[in-house]
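Proteins come first, then strands; the chains are lettered A, B, ... in the order of their sequence lines, and each starts at number 1.
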Number of protein chains: 2
Amino acid sequence: MTSKPATIDDVARRAGVSIATVSRALQKPNIVSDSAREKVFEAVEELGYTANVMARNLRRNRTNMAVVLVPNIGNPFFSEILAGIESAASARNYNILIGDTENDPAREREYAAFVRGHQADGLILLNGRLPSLPGDRRDGANLQTSAMPPIVVACERIPESALPTVCFDNTGGARSATAYLIRMGHRRIAHITGPPDNILTQDRLAGYQAALGDAKIPLDENLIIEGDFSIESGRAAIRLLGALGEFPTAVFCANDEMAIGAIAAIKAAGKRVPEDVSVIGFDDIQFADAVDPPLTTVHQPRAEIGQTAMNLLLDVLDGNPIAQKTRVLDGGLRKRDSVAPPRA
Amino acid sequence: MTSKPATIDDVARRAGVSIATVSRALQKPNIVSDSAREKVFEAVEELGYTANVMARNLRRNRTNMAVVLVPNIGNPFFSEILAGIESAASARNYNILIGDTENDPAREREYAAFVRGHQADGLILLNGRLPSLPGDRRDGANLQTSAMPPIVVACERIPESALPTVCFDNTGGARSATAYLIRMGHRRIAHITGPPDNILTQDRLAGYQAALGDAKIPLDENLIIEGDFSIESGRAAIRLLGALGEFPTAVFCANDEMAIGAIAAIKAAGKRVPEDVSVIGFDDIQFADAVDPPLTTVHQPRAEIGQTAMNLLLDVLDGNPIAQKTRVLDGGLRKRDSVAPPRA
DNA sequence: ATCAAAAATGAAAAGGTTTACATTCCGCTC
DNA sequence: GAGCGGAATGTAAACCTTTTCATTTTTGAT
């Protein structure tokens with residue numbers, strides 16, 4: 001007994017008014033007479049009418065939907081950013097489509113096509129890579145041109161582009177984390193990095209190096225180990241460090257997962273955290289507080305990053321003037337129990 | 001210099017064919033002559049044409065999009081399920097819209113309106129609560145009726161409904177986890193539950209009780225503590241247990257987060273895991289392996305759950321006959337290092 | 001060369017809204 | 001009571017596809 005859903009025509013007929021009046025009664029109730037409004041609402045109620053959003057979008061050429069490209073939903077780091085985006089979007093009557101790209105360019109293109117195909121009004125990039133839109137002519141320099149939809153970049157910055165960006169002060173965070181270790185008396189401080197081509201990796205590494213420079217500690221290349229942001233790579237890095245000979249007295253990891261892996265490996269090697277080696281992470285994910293010992297880490301205001309990004313995008317979409325194209329937020333060091341002075 | 005995007009008319013004009021031919025060339029390239037196809041593709045390329053999906057959807061009355069309602073994206077447990085859903089959807093040319101409801105019925109309704117308003121073809125529920133669709137007439141019994149869109153429930157089951165469901169054998173999993181503790185020699189086994197109105201909580205509690213019954217161990221109500229699936233509630237439960245007097249020798253937690261919290265609290269109380277008290281979790285989230293000690297837990301085939309659910313939904317949407325409306329998957333116990341025999 | 005069948009194409013309708021523009025209605029003022 | 005202005009309403013176009021149905025072209029057999 002599945003009947004076709006009611007259309008605006010049905011409502012108009014039932015209410016004894018024109019479809020224009022129905023549309024107006026629903027969109028801007030105040031510009032319609034009381035009696036008409038009442039009749040329309042009644043008919044809507046009786047028929048269980050819901051406007052066909054596809055038709056509306058087609059006519060309005062706006063979807064109230066934004067795509068968010070996230071490299072990996074499974075990464076707890078992104079969830080809170082997404083939540084922030086969500087709340088800002090919801091507050092301004094927008095919906096978000098989360099595209100989990102798994103760093104697969106094909107996936108990215110697929111989702112980007114959403115905005116190209118008018119299924120979404122704008123794009124928020126959490127991955128720092130600009131998807132190449134199909135059928136899009138771009139010659140390096142002029143990105144946000146003709147066919148390009150409104151785009152906002154969050155979390156990462158895309159060095160060559162002029163896109164609106166909100167990001168965390170990664171270099172500053174890394175610098176103060178490393179400086180903290182130095183203040184505690186450490187000199188042999190290892191750094192486990194993310195993937196080398198990642199801009200976050202580069203910024204955090206730069207911060208680490210800057211702090212060492214500030215303290216006139218010579219850089220020891222052997223203490224910089226490449227990871228990939230995974231727990232396992234944190235483990236592996238520590239094992240590698242162990243195999244190389246002397247352990248450092250402290251390790252600064254480019255994210256919390258690697259720090260957690262590192263702690264596990266340090267314990268497995270029979271040493272204690274923080275008595276034998278201090279560990280510091282980056283991001284302050286949910287589990288940072290739950291590991292043993294609770295992880296000292298650089299806190300990122302993730303919800304705020306998400307909100308700021310979404311509001312930026314909405315401002316662009318609404319044609320509001322945007323004050324500053326790039327906003328840099330910063331957080332602070334969350335001191336817990338994974339850092340201590342080195343042993344005498 | 002932002003010009004309007006090219007439409008199918010532009011392509012048709014440029015290619016010197018009718019819009020019908022353009023449409024066909026793009027949809028079903030093989031029913032069009034080679035020459036026409038070539039001309040069309042060329043024109044598309046030159047104009048950078050992308051079909052307006054809103055218009056297409058309106059005409060086809062299908063969006064190739066499904067909404068997934070998840071109670072909390074931040075919960076790492078759901079990420080893998082989402083990934084499974086995503087991969088199955090992607091394989092069959094569908095996209096998913098992830099609706100983070102935060103257990104807020106208003107949010108749920110908002111997202112459900114998507115399918116009501118024809119912005120999505122179907123709905124996957126990860127939260128086990130049926131959103132009330134606006135303007136929807138339902139009288140308890142007959143849920144999936146007239147206006148109801150295709151819905152599939154994953155992870156949880158909704159007892160009163162006849163909706164297609166794929167879920168994990170929660171009772172069985174809890175039972176075998178508890179039985180394992182009993183086999184190890186434990187008799188005083190505490191259980192930290194989830195929120196009492198949650199169906200998962202109920203099923204897992206039932207499994208716990210069944211295992212005790214199997215072993216003829218009398219149920220001790222004092223050993224059943226209510227949690228809410230959060231790390232903190234796991235901590236609190238252990239503190240409560242401690243305050244109550246005797247510690248159990250083992251704790252079965254209704255999820256991994258609470259188990260992680262429990263381990264932290266047990267350590268904080270000066271006892272060791274597993275030597276003094278064994279802990280077992282549920283879900284096998286990513287971090288289960290990274291905590292100290294690595295957590296023994298009930299593994300759920302999350303990706304598979306997601307895939308199965310999505311394929312079920314797609315079968316319904318395609319009108320394929322579906323063999324069995326409800327599928328129960330099961331996993332196994334992941335034995336790590338948080339369980340040991342009780343001390344003599 | 002003729003014809004039938006098959007293949008390719010085009011014209012036009014349909015899909016459900018919003019909205020520009022035209023019209024009607026109502027209450028005023030003079 | 002004519003004229004006017006503003007509010008309320010209706011008509012019809014526009015949004016851009018896909019797809020039905022009719023028409024034309026091609027193919028292949030005779």
Side-chain angles (χ1 to χ4, degrees), chain A residues 3-41 43-44 47-65 113-121 135, chain B residues 3-41 43-44 47-65 113-121 135:
Chain A
S3 55
K4 278 179 180 278
T7 74
I8 199 172
D9 281 292
D10 302 326
V11 176
R13 205 170 6 257
R14 181 134 188 164
V17 298
S18 77
I19 60 168
T21 301
V22 174
S23 177
R24 281 190 278 251
L26 295 172
Q27 299 306 317
K28 307 172 180 172
N30 45 320
I31 69 163
V32 113
S33 72
D34 291 358
S35 73
R37 188 175 344 113
E38 211 165 298
K39 280 186 294 183
V40 168
F41 283 170
V44 165
L47 295 169
Y49 169 75
T50 322
N52 182 324
V53 188
M54 295 187 303
R56 172 197 318 232
N57 290 347
L58 172 58
R59 176 59 223 234
R60 285 213 190 134
N61 197 27
R62 178 149 184 180
T63 61
N64 276 33
M65 193 138 105
F114 256 74
V115 353
R116 202 84 206 318
H118 305 269
Q119 277 209 99
D121 303 332
Chain B
S3 55
K4 279 180 179 274
T7 74
I8 200 172
D9 280 291
D10 302 326
V11 177
R13 203 167 11 254
R14 181 134 187 163
V17 297
S18 76
I19 59 168
T21 302
V22 174
S23 177
R24 282 189 279 253
L26 295 173
Q27 300 304 318
K28 306 172 180 174
N30 45 321
I31 70 163
V32 113
S33 73
D34 292 357
S35 73
R37 185 174 346 113
E38 213 164 295
K39 280 185 293 184
V40 168
F41 283 171
V44 165
L47 295 169
Y49 168 75
T50 323
N52 182 324
V53 188
M54 295 187 303
R56 168 187 318 199
N57 290 347
L58 173 59
R59 177 59 226 235
R60 287 219 189 126
N61 197 28
R62 180 153 182 176
T63 61
N64 277 35
M65 190 137 105
F114 257 74
V115 354
R116 199 89 204 317
H118 305 270
Q119 275 209 100
D121 303 331

Checklist entry - Which nucleotide in the set dA20(C), dG10(C), dT18(C) lies at the smallest distance from any side-chain heavy atom of Arg24(A)? => result dA20(C)
Next on the checklist: Just the rounded figure in Å: distance from C1' of dT9(D) to NZ of Lys28(A).
Outcome noted: 15 Å
Checklist entry - Which nucleotide sits closest to the side chain of Thr21(A): dT9(D), dC16(D), dT17(D)? => result dT9(D)
Checklist entry - For the pair made of CD1 in Ile19(A) and C1' in dA14(D), what is the distance, rounded to whole Å? => result 12 Å
Checklist entry - Given dT18(D), dT9(D), dC15(D), which nucleotide is nearest the side-chain atoms of Val32(A)? => result dT9(D)
Checklist entry - Starting at CG of Asn61(A) and ending at C1' of dT17(D), how long is that distance when rounded to a whole Å? => result 14 Å
Checklist entry - What integer distance in Å separates Asn30(A):CG from dA8(D):C1'? => result 13 Å
Item to check | Note, Arg37(A) side chain near Val40(A) side chain (heavy atom, < 4.5 Å) | outcome: no
Checklist outcome for this item: Winner on side-chain proximity to Ser33(B), out of dT9(C), dT17(D), dG16(C), is dT9(C)
Next on the checklist: Using a 4.0 Å heavy-atom cut-off, does Val17(A) contact any base of the nucleic acid, only the sugar-phosphate backbone, or nothing at all?
Outcome noted: sugar-phosphate
Next on the checklist: Using a 4.0 Å heavy-atom cut-off, does Asn52(B) contact any base of the nucleic acid, only the sugar-phosphate backbone, or nothing at all?
Outcome noted: sugar-phosphate
Item to check | Proximity to the side chain of Arg59(B) - top-ranked nucleotide from dT19(D), dT9(D), dT17(C) | outcome: dT19(D)
Item to check | Asp121(B) side chain vs Arg62(B) backbone, donor-acceptor pair below 3.5 Å | outcome: no
Next on the checklist: Applying side chain to side chain contact (heavy atoms under 4.5 Å, CB included) to Asn57(A) and Met65(A), what does each step give before you reach the verdict?
Outcome noted: CA-CA 10 Å; Asn57(A) 290 347; Met65(A) 193 138 105; over 6 Å; no
Next on the checklist: With rounding to the nearest 0.5 angstrom, report the CG to CZ distance, Leu58(A) to Arg59(B).
Outcome noted: 13.0 Å
Checklist outcome for this item: Glu38(A) atom CD is separated from dA8(D) atom C1', nearest whole Å, by 16 Å
Item to check | Listed nucleotide nearest any side-chain atom of Tyr49(A), set dA8(D), dA20(C), dT17(C) | outcome: dT17(C)
Checklist outcome for this item: Whole-Å distance, Leu47(A) CG to dG16(C) C1', equals 15 Å
Checklist entry - In whole angstrom, what separates Asp9(B)'s CG from dT18(D)'s C1'? => result 13 Å
Next on the checklist: Using heavy-atom distances to pick each residue's nearest nucleotide on DNA chain C, tell me which of Leu58(B) and Ala36(B) is more 5'.
Outcome noted: Ala36(B)
Item to check | d(CD, Gln119(A); P, dC16(D)) in whole Å | outcome: 15 Å
Checklist outcome for this item: Winner on side-chain proximity to Ser23(A), out of dT18(C), dC21(D), dT17(D), is dT18(C)
Next on the checklist: Using 0.5 Å steps for rounding, measure from the NE2 atom of His118(A) to the OG1 atom of Thr50(B).
Outcome noted: 7.0 Å
Next on the checklist: As a test of reading the structure: which of dA8(C), dG10(D), dT17(C) is closest to the side chain of Ser18(A), going by heavy atoms?
Outcome noted: dG10(D)
